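Since the structure is predicted, the reported quantities are computational estimates derived from the model, not experimental observations. All values below come from the heavy atoms of this structure, side chains included, with hydrogens, waters and symmetry mates left out. Numbered from 1 within each chain, the chains take letters A, B, ... in sequence-line order.
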Number of protein chains: 2
Amino acid sequence: MSQRRRPTQVDIAHAAGVSQATVSLVISGGHASGQVAEHTRAAVLDAATKLGYTVNTAARSLKGGRNKMLGLYAFEPVFPVDQRDFYFPFLLGVEGATADFGYDLLLFSSVSSGERRIYSDGINRLKVADGCVLLGRHIDRSDLADLVNEGFPFVFIGRRELPGVELSYVAPDYVGATRDMVVRLTDLGHRRLAYLRPADQQEPTRDREAGFRAGVDEAGLPEQAVHEMPDDASDAEARLAALLERWLADGVTAVLIDPLEDDRTIAALERVAAEAGLRIPEDLSVAVLGGPMPSGPGGRDWTRFTLPREEMGRAAVALLLEILDDDTGPRRLSVACTAVDGDSVGRPR
Amino acid sequence: MSQRRRPTQVDIAHAAGVSQATVSLVISGGHASGQVAEHTRAAVLDAATKLGYTVNTAARSLKGGRNKMLGLYAFEPVFPVDQRDFYFPFLLGVEGATADFGYDLLLFSSVSSGERRIYSDGINRLKVADGCVLLGRHIDRSDLADLVNEGFPFVFIGRRELPGVELSYVAPDYVGATRDMVVRLTDLGHRRLAYLRPADQQEPTRDREAGFRAGVDEAGLPEQAVHEMPDDASDAEARLAALLERWLADGVTAVLIDPLEDDRTIAALERVAAEAGLRIPEDLSVAVLGGPMPSGPGGRDWTRFTLPREEMGRAAVALLLEILDDDTGPRRLSVACTAVDGDSVGRPR
DNA sequence: CCGGCTCAATAATACGTATAGAGCACACTA
DNA sequence: TAGTGTGCTCTATACGTATTATTGAGCCGG
């Protein structure tokens, strides 16, 4: 088929009997195109459609212009099944808002091979987009720092801090939500709590723990037990079984769990508790601090809080577009989590 | 924030005391870099790492033509909830394969406002990608024809025909799958069947109907009833109730349904049948010809066939990349559907 | 008749990279 | 010594767009 090269602005200029500069003004000169006479403008557009012109994004972004494209980059794979339930609503929100604003969405997955790093092969693919929404718990700080240094506009979904840098994000109020959960448990009469967190040091993990400590403090309780669960979950069940035994010995009546992005830890806990003959919530109250928790029919309805994930995705896009228009300092947005009653929390025995 | 621009090859050249061309040879001259002396090469690489050089992809692809981007365009919105279950696996497959091949995926959603047309603003946005996967039942034929005329590489998911044009697609074998379903019903003893199809004239609709007629023919039955259900489903239930009554009067014992991309028609039929006191499959066998049919716990497990949707997405990408490498004639792929037993089909009363 | 003004369109240039071809130094051959 | 390679680096240019400065035309008032 006609494999002739794509028509360029020069071709259009030639066809319409004007200069390339004029074509550029008509095609992409948002408000500057008011300088172009109406009949010229029409002639250019006519030639453009006739030749099937499309802007060359590479050239445009080389020059520094806008592509009407936003990017979405995830440090964790968004699509694999086990985490899909968690990340999908973000994608949904980002996609929806992007479309609403007349942009297209570029999913950066080419980098997904091996470790996910923006600069992994030395190049920064992200820049083909006008700006980018970032996502994921296990981020690479140096990549992020480089991104900031380049002045590339991006918004993180989730609170992220970098020493000496202010970056933009839309983040759930994990501190408040976790504190509220603690208060709820203590209101029910629980006095000995346990807290189970992943081993990482990311902000979401730290924020929840901070909320836990704040809640404990507020309730006037002494310091409570905090345990770490390594990311490598090969022996998760054995560890949980050991923890469970210890909790029972220590008189723990309620446990709060930071579930990461999937529900493996929760599922493992449920199995281990069942094996130990423990009923939830009669013998042990369990509160889940976020997570996907689809709570399909048949599954347990965990007492938890949820993130307004789709809205967060939309908000991130809105923030990003604000930054594109006016890059003065970072934009930040904190969103409240929603408490879900569930049936895994009760009064202590 | 240090708004300094990124180092370029010129900067490195300056630092290493060589020319920009030499830097380019070292950095990206795959086999041509053998021409560069070892000590020069080392000096360049040293300067590159020292300055934190990263390739500017925009410039590179401006020079080379390819963007390493594939597009995904859907004539129906992919993300809205009611059809999400149907389209999502395609997206999954397309995204996965795209990533595997080292490409990024551009979701064309900016056009989603109003009617979905590729050329809505006169210019063809799709071309920003190297090629495009198309999706959706209600396509715009003229847009498609224009796309072909431009020589733009694309692959349709689903069989599409254009008069005088050969286009590439990966399509499910609706004819065969539907015929098999008819055979199965007649093998069970059904002699009077009804067929319910959408009102459109798209290939998937026609193919299934063709399969139905083929199966009926093969079973040696006379012509069977075929009914249309308008897309506007405002009075769907009333229509279905009327149809149901008629089927009973005519002695119909089994009905085959082309469900479009959502399960509204099926859900409506189930309600109407229940209201009429009809049990499925005891009083009426129902076979579903495709559709999302998540069959979650609690829902009925419909007798149906399913499309290998994720694989189809992957295959479409593979075909597209073949075309990009070697654009000689259209590529076509037919994939078999998988029969799902389910419990909505039984022997006739 | 000229200076000052506005409106339209253009010429020129820069963005960062890849590559073809030129140039140069040196060694080897006839 | 002239001729022919060979090995390495450089010069020059093209890719397609956005933008700045400039030109030119037309008009008005003095």
A.B. asks: Looking at B:Arg141 and B:Glu203, does any basic side-chain N land under 4.0 Å from a carboxylate oxygen?
C.D. replies: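 Salt bridge flag = yes for B:Glu203 with B:Arg141.
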
A.B. asks: Distance check: side-chain N/O of B:Ser24 vs OP1/OP2 of C:dT17, anything under 4.0 Å?
C.D. replies: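 Result: no.
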
A.B. asks: Counting only side-chain nitrogens and oxygens, does A:Arg60 get under 4.0 Å of the OP1 or OP2 atom of D:dA18?
C.D. replies: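 The answer is yes; a side-chain N or O of A:Arg60 sits under 4.0 Å from OP1 or OP2.
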
A.B. asks: Which word best sums up how the rings of A:Phe88 and B:Phe88 line up, parallel for under 30°, tilted for 30 to 60°, or perpendicular for over 60°?
C.D. replies: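 If you compare the ring of A:Phe88 with that of B:Phe88, the planes turn out perpendicular.
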
A.B. asks: Within the modelled atom types, does a donor on one side and an acceptor on the other bring the side chain of A:Gln20 and the base of C:dA11 under 3.5 Å apart?
C.D. replies: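 In this structure, the two groups form no donor-acceptor pair.
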
A.B. asks: Check whether any side-chain N or O of A:Arg332 sits under 3.5 Å from a backbone N or O of A:Leu167 as a donor-acceptor pair, and report yes or no.
C.D. replies: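 Here the side-chain-to-backbone pair exists.
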
A.B. asks: Rounded to the nearest angstrom, tell me the gap between atom CG in B:Leu25 and atom P in D:dT9.
C.D. replies: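 Rounding to the nearest Å, CG of B:Leu25 and P of D:dT9 are 9 Å apart.
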
A.B. asks: Tell me the interatomic distance from A:Asp11, atom CG, to D:dC15, atom C1', rounded to whole angstroms.
C.D. replies: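 Computing the A:Asp11:CG to D:dC15:C1' distance gives 13 Å.
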
A.B. asks: Rounded to whole Å, how long is the line connecting atom CG of B:Leu62 with atom C1' of D:dT17?
C.D. replies: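 Whole-Å distance recorded here is 8 Å.
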
A.B. asks: A:Thr40 near the nucleic acid: base, sugar-phosphate alone, or nothing, with a heavy-atom cut-off under 4.0 Å?
C.D. replies: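 Touches sugar-phosphate only.
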
A.B. asks: Does A:Gln9 make a side-chain N or O approach to OP1 or OP2 of D:dA18 shorter than 4.0 Å?
C.D. replies: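 Checking A:Gln9 against D:dA18: at least one side-chain N or O falls below 4.0 Å of OP1 or OP2.
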
A.B. asks: Does B:Ser19 make a side-chain N or O approach to OP1 or OP2 of D:dT11 shorter than 4.0 Å?
C.D. replies: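 Negative; the distance criterion is not met.
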
A.B. asks: Can you find a side chain N or O atom of B:Thr8 that sits less than 4.0 Å from OP1 or OP2 on C:dG16?
C.D. replies: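 B:Thr8 to C:dG16 OP1/OP2: no side-chain N or O under 4.0 Å.
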
A.B. asks: Enter the distance from A:Asp100:CG to A:Glu95:CD here, rounded to the nearest 0.5 Å.
C.D. replies: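 Taking CG in A:Asp100 and CD in A:Glu95, the distance rounds to 9.0 Å.
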
A.B. asks: Please give, in whole Å, the distance from D:dG7 P to B:Arg41 CZ?
C.D. replies: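 So the CZ-P distance, B:Arg41 to D:dG7, works out to 17 Å.
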
A.B. asks: Tell me the interatomic distance from B:Lys63, atom NZ, to D:dT17, atom C1', rounded to whole angstroms.
C.D. replies: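 Whole-Å distance recorded here is 15 Å.
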
A.B. asks: Considering only C:dT17, D:dG16, C:dA9, which nucleotide approaches the side chain of A:Ala37 most closely?
C.D. replies: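 Out of C:dT17, D:dG16, C:dA9, the nucleotide with an atom closest to A:Ala37's side chain is C:dA9.
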
A.B. asks: Between atom NE2 in A:His39 and atom C1' in C:dC7, what is the gap in whole Å?
C.D. replies: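 Checked: the NE2 to C1' distance equals 12 Å.
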
A.B. asks: Whole angstroms only, please: what is the CD-P distance between B:Glu38 and D:dT9?
C.D. replies: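 Rounded to the whole Å, the gap is 10 Å.
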
A.B. asks: Categorize B:Val23 for me: base, sugar-phosphate, or nothing, with a 4.0 angstrom heavy-atom threshold over every strand shown.
C.D. replies: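 The answer is nothing, as B:Val23 stays clear of every strand by at least 4.0 Å.
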
A.B. asks: Can you tell me how far CZ of A:Arg41 sits from CG of A:Leu25, rounded to the nearest 0.5 angstrom?
C.D. replies: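 Spacing of CG (A:Leu25) from CZ (A:Arg41) equals 10.5 Å.
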
A.B. asks: I need the CD1-P distance between A:Ile27 and D:dT17, as an integer number of Å.
C.D. replies: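 Between P of D:dT17 and CD1 of A:Ile27: 9 Å.
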
